[in-house]
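Structure, as structure tokens:
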Amino acid sequence: MKKLIVANWKMNYPDAKNWHNFRVSKKVEIVVCPPFTYLRQVASMRWPERISVGAQDVFWEEKGAYTGEISPTMLTGIGVRYVIIGHSERRLWLRETDEMINKKVAAALKAGLKVVLCVGEPLKVRQKGIAVAKAFVGNQLRKDLKKISGFRLQVAGLIVAYEPIWAIGTGRADLPEGSAAMAKFIREKLSSIFRVSGSALRVLYGGSVDAGNASEFLREKEIDGALVGGASLKRAEFQKIINAAF
Ligand code: PGA
């Protein structure tokens with residue numbers, strides 16, 4: 001399966017000059033996720049093949065009195081193909097719950113968006129051991145995907161990003177073996193709860209991925225790609241991360 005590298009620009013806008021001049025091998029797919037206000041501009045840029053545009057969030061209703069929200073078809077209507085849902089920063093700052101995330105995932109899949117669902121444990125959970133961290137992540141998956149059929153997840157090609165919260169933006173990435181073990185667990189969990197074949201899913205690692213460590217994660221066979229925050233804002237560094245996936 002091709003490696004998938006997702007650039008999460010968060011609430012930043014990098015200098016967009018030359019951004020589309022990436023070299024991307026046939027073995028890699030890239031998704032660039034700018035803030036909402038730049039989506040149309042970024043979606044209309046002439047990107048190389050294999051680069052798609054994604055949003056960082058979406059609402060679950062199609063239209064109506066939901067001040068400040070953006071619906072799935074508003075995204076697909078301007079050429080957005082992917083959406084990140086359940087990022088830990090939204091869970092923290094916006095108090096997004098698993099129930100809200102569940103509704104967002106269902107609505108986004110229905111509209112034909114490819115979903116990058118973020119899960120991951122806080123430090124105090126990880127400190128209790130890997131088994132407790134796995135139980136935490138398993139519980140998030142169960143709630144975030146509740147009542148969504150395995151068939152739909154499989155056909156849609158769900159993408160799960162394992163992002164341990166303590167590794168995000170801290171410069172302290174997880175160990176590649178640790179995140180590969182968690183990726184394997186996520187695949188097994190989804191296949192046991194939702195009967196989704198592990199090979200139909202993609203599991204990414206995110207949390208302080210940079211040009212220096214990307215190849216260590218991307219060479220793990222359980223890890224299908226990376227969700228990259230800070231390092232995706234620097235064009236040259238992001239190119240190095242793409243190269244690490246060849
Ligand atoms: P980071 O962010 O690469 O800056 O740690 C990753 C993310 O939050 O998706």
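By convention here, the first residue in the shown sequence is residue 1. Keep in mind that what you see is a predicted model, and the values were worked out from it rather than measured. Start at 1 and go down the list; that is how both ligands and their atoms are numbered. Any value given below was found using the heavy atoms of this structure, including those in side chains, with hydrogens, waters and symmetry copies removed.
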Item to complete: Write down, by chain and number, every protein residue that brings a non-hydrogen atom to less than 4.0 Å from an atom of ligand 1.
Response: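 The 4.0 Å shell around ligand 1 contains N8, K10, H87, E163, A167, I168, G169, G207, S208, L227, V228, G229, G230.
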Worksheet item: How far apart are the closest heavy atoms of S199 and M1, and which atoms are they?
Response: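 Smallest interatomic distance, heavy atoms only, reads O-CE, 2.9 Å.
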Those residues that, when tested against [X], pass side-chain contact (heavy atoms from CB on, under 4.5 Å) (two or more places apart):
| X | answer |
| --- | --- |
| K110 | R152 |
| A183 | V203, E222, I223 |
| N12 | K10, L233 |

Worksheet item: So, K184 and E188, do they make that salt bridge, N to O below 4.0 Å?
Response: yes
Discussion item. Whether the side chain of E163 engages the backbone of I168 through a donor-acceptor N/O pair (distance < 3.5 Å, no angle test) should be reported.
Written reply: no
